[in-house]
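So the structure is just underneath, and the comments pick up after that.
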Amino acid sequence: MRHFENILLWILRLGLAAALFSPLVYSGNYFFPYIVPRAFYFQIIAEILLAATVTLIAFFPQHRPRWNILSVSLVIYLGIAVLTTLTSADITKSFFGTIERSFGSFHLLHYGMLFFAAIVTLKNQREWNALFTLSLAIALYAALDLLIPIILTSTTLPPTVAGNPIFLAAYLIFHTFFAAHLLQQTNIRWLKILLGIIIAVFAAAILTSGVRGAFIGLSAAIAFLLIFYSWQIKRFRIALIGGFLVFVAAYGFIFTNRDHPIVKNNFILSRITDFSLEDATTKARFAMWKMALKGFQERPFFGWGRENYSIVFNTHYDPSFDDANVSEGWEDRTHNIFLEELTYGGIIGLLSYILILTATFYILKKNIILFALLVGYIVQNLFGVDNLNEHIPFFLLLAYSDFKARGLHNLQPPSTHHSPKFSFAASITATSLLAIILVFFFFTWKPAAAIRNFRSATLDISQNNIPAFKTHYQKGKTLAASSPYLQLEGMSIIMSLMINGDFIQQASNAYLYYSSLVVPDMAKLAMRNPAEQRWIFFLAKLYQNQAALTRNISLLDEAQNIWNQLVSSSPERKNFREAYEYSQQLRAAITAVGSITPTSPSPHNPSRK
């Protein structure tokens with residue numbers, strides 16, 4: 001049995017290592033190639049970790065986790081996420097999440113699997129340091145992938161393995177402090193120098209990314225460290241306070257001169273000083289936060305469920321969002337982690353999240369480096385959006401905090417084994433493995449295969465391969481049958497990718513053929529939740545395009561019915577009014593047999609993330 005135990009432990013160690021590579025995963029076979037494939041990759045790894053964890057603790061009770069306030073808090077948080085999914089405004093969307101974000105409650109549970117696999121597997125500081133070191137190596141590769149092309153070619157923000165610079169910057173904040181944590185532990189001179197260089201590279205990459213939220217978060221963490229150490233270490237107090245004041249004065253000088261050509265023409269300086277209550281991004285944030293608070297007032301206890309802020313956005317739309325004139329007129333995130341949790345899970349969801357943070361702060365009170373990291377993480381997420389690149393190191397930080405709370409940093413796994421009856425352990429393992437296999441098939445493999453088929457359907461359109469399109473499209477629909485929202489989103493992306501440039505005008509017959517297959521299916525799904533106005537709006541524009549090409553007034557009537565519904569629900573919303581007015585102009589043009597130009601709706605661009 002000892003041999004079997006070692007095999008399970010090595011499976012877990014390798015699985016944890018494999019999970020660290022998730023932020024580098026990319027595949028053009030999926031929509032949002034920097035999000036969707038890495039989400040599915042991580043889910044598969046997490047499910048393998050869960051299978052190995054259940055088997056290990058069933059056969060070898062000495063590996064069962066010791067409960068403490070942090071692990072209990074996390075279980076409560078995950079349980080509330082599932083509960084608020086069942087009470088949500090759209091259960092399947094809240095459970096599966098959206099293609100673009102891939103962060104429903106099902107995905108969240110996988111981060112819980114990572115947490116419990118880590119606390120069961122990593123029993124001493126040496127093992128944790130090995131995991132942090134591997135994660136640092138991966139993060140260093142991602143940082144250099146951003147910096148080296150800029151250094152060599154003087155270009156700005158080339159494509160990176162991490163994808164969106166926001167994803168990279170948040171990811172590197174964690175690893176900046178993981179490196180500082182390792183530096184604090186070692187007395188080896190060359191290793192200290194190496195870790196210092198790595199920290200400098202990470203800081204340079206964060207600044208180069210131009211992500212203001214990450215800059216604020218990093219600055220807050222560093223400021224906290226300077227203030228703490230100036231208080232604790234008297235002999236360095238003057239130097240540390242002086243350094244802090246110099247930093248503040250330097251930034252203040254640059255900020256007050258942000259309109260100077262030297263600052264405006266420098267990408268980094270212009271980004272970190274581009275703060276104003278009057279800029280479009282700030283106005284949009286304030287509008288979204290007001291909508292979130294209104295949504296909370298309507299559902300104060302259990303919230304709207306994960307991934308359902310878009311419903312709050314539509315239901316409580318604030319006209320001041322139009323004044324910001326940003327994005328496509330739709331938002332699915334509050335851009336504030338506390339309002340996000342409040343929207344998702346109501347007051348119980350927010351309190352459970354705060355409980356996790358409070359427990360972690362308490363545990364890390366003697367590890368000031370990681371305490372500062374948590375400060376920076378929270379400050380950054382007052383303005384940002386969580387993503388997989390950020391969640392993996394965050395949940396590993398929670399697991400490491402749990403390890404420190406148990407006080408096992410110098411304790412090896414027990415040598416005495418107390419195994420339960422084989423039949424009992426085997427039955428528990430077999431039942432759990434069967435459940436995990438079923439979960440994998442229905443909730444991981446099938447959605448992944450559905451998205452892959454929908455993506456193939458868009459390529460079939462570009463090659464005008466009708467038989468292949470029919471096959472891939474039908475497979476996608478069938479595989480996504482358990483998630484109407486996934487079906488609807490996949491269909492909408494197919495149509496949005498087909499409508500680009502002059503495709504409608506130059507290949508009008510092909511456009512009409514493909515849309516005749518997809519639009520009726522969309523119509524059946526779009527009205528299942530009238531609060532999901534984005535897809536209803538998109539459907540109306542598709543009807544308008546068909547009407548413009550065929551001069552079919554009945555199709556325009558379908559669009560008009562939707563515009564009437566949308567305008568009556570939100571009479572002050574700018575894009576609804578404009579679409580309604582265009583519909584009236586189109587009707588007049590069709591009646592007069594005049595020149596008609598179809599619109600090009602594009603709900604989002606799945607190639608950008």
- Task: Write out all pairs satisfying side chain to side chain donor-acceptor pair (under 3.5 Å) with one or both partners inside residues 433-448, taking only residues at least two apart or from two chains.
- Result: Q43-T444, E47-T444
- Item | Backbone of A531 reached by a side-chain donor or acceptor of N314 within 3.5 Å | yes
- Task: Could you walk me through whether E390 and N381 pass side-chain hydrogen bond (donor to acceptor under 3.5 Å, both in side chains), step by step?
- Result: CA-CA 10 Å; E390 199 172 350; N381 275 345; 3.2 Å; yes
- Task: Indicate the ring-plane relationship of W535 and Y485, choosing parallel, tilted or perpendicular according to the 30° and 60° boundaries.
- Result: perpendicular
- Query: Are the aromatic rings of F21 and Y41 close, with centres under 6.0 Å apart?
  - Reply: no
- Task: Start with the C-alpha gap between L74 and F395, add the side-chain angles, then the distance that decides, and say whether side-chain contact (heavy atoms from CB on, under 4.5 Å) holds.
- Result: CA-CA 10 Å; L74 184 61; F395 275 80; 3.7 Å; yes
- Task: Quick one: list whatever passes side-chain hydrogen bond (donor to acceptor under 3.5 Å, both in side chains) with E298, sequence neighbours left out.
- Result: H316
- Task: Quick one: list whatever passes side-chain hydrogen bond (donor to acceptor under 3.5 Å, both in side chains) with D402, sequence neighbours left out.
- Result: N68, R406
- Verify the neighbour count for atom CD1 of I69: are there more than 12 heavy atoms of other residues, nucleotides or ligands below 6.0 Å? no
- Item | Electrostatic pair R333-E307, nearest N-O below 4.0 angstrom | yes
- Message: If the condition is ring pair (Phe, Tyr, Trp, His ring centres under 6.0 Å), which residues does Y377 pass it with, not counting sequence neighbours?
- Response: F174, F394
- Note on the structure: For residues 71-99, the salt bridge (charged side-chain N to carboxylate O under 4.0 Å, His left out) pairs (sequence neighbours left out) are D90-R528, K93-E532
- For the residue pair M291 and T334, establish whether any side-chain heavy-atom pair is separated by less than 4.5 Å. no
- For N387, side-chain hydrogen bond (donor to acceptor under 3.5 Å, both in side chains) partners two or more places apart: none
- Query: Taking it one step at a time, do Y353 and E340 satisfy side-chain hydrogen bond (donor to acceptor under 3.5 Å, both in side chains)?
  - Reply: CA-CA 11 Å; Y353 181 72; E340 197 101 325; over 6 Å; no
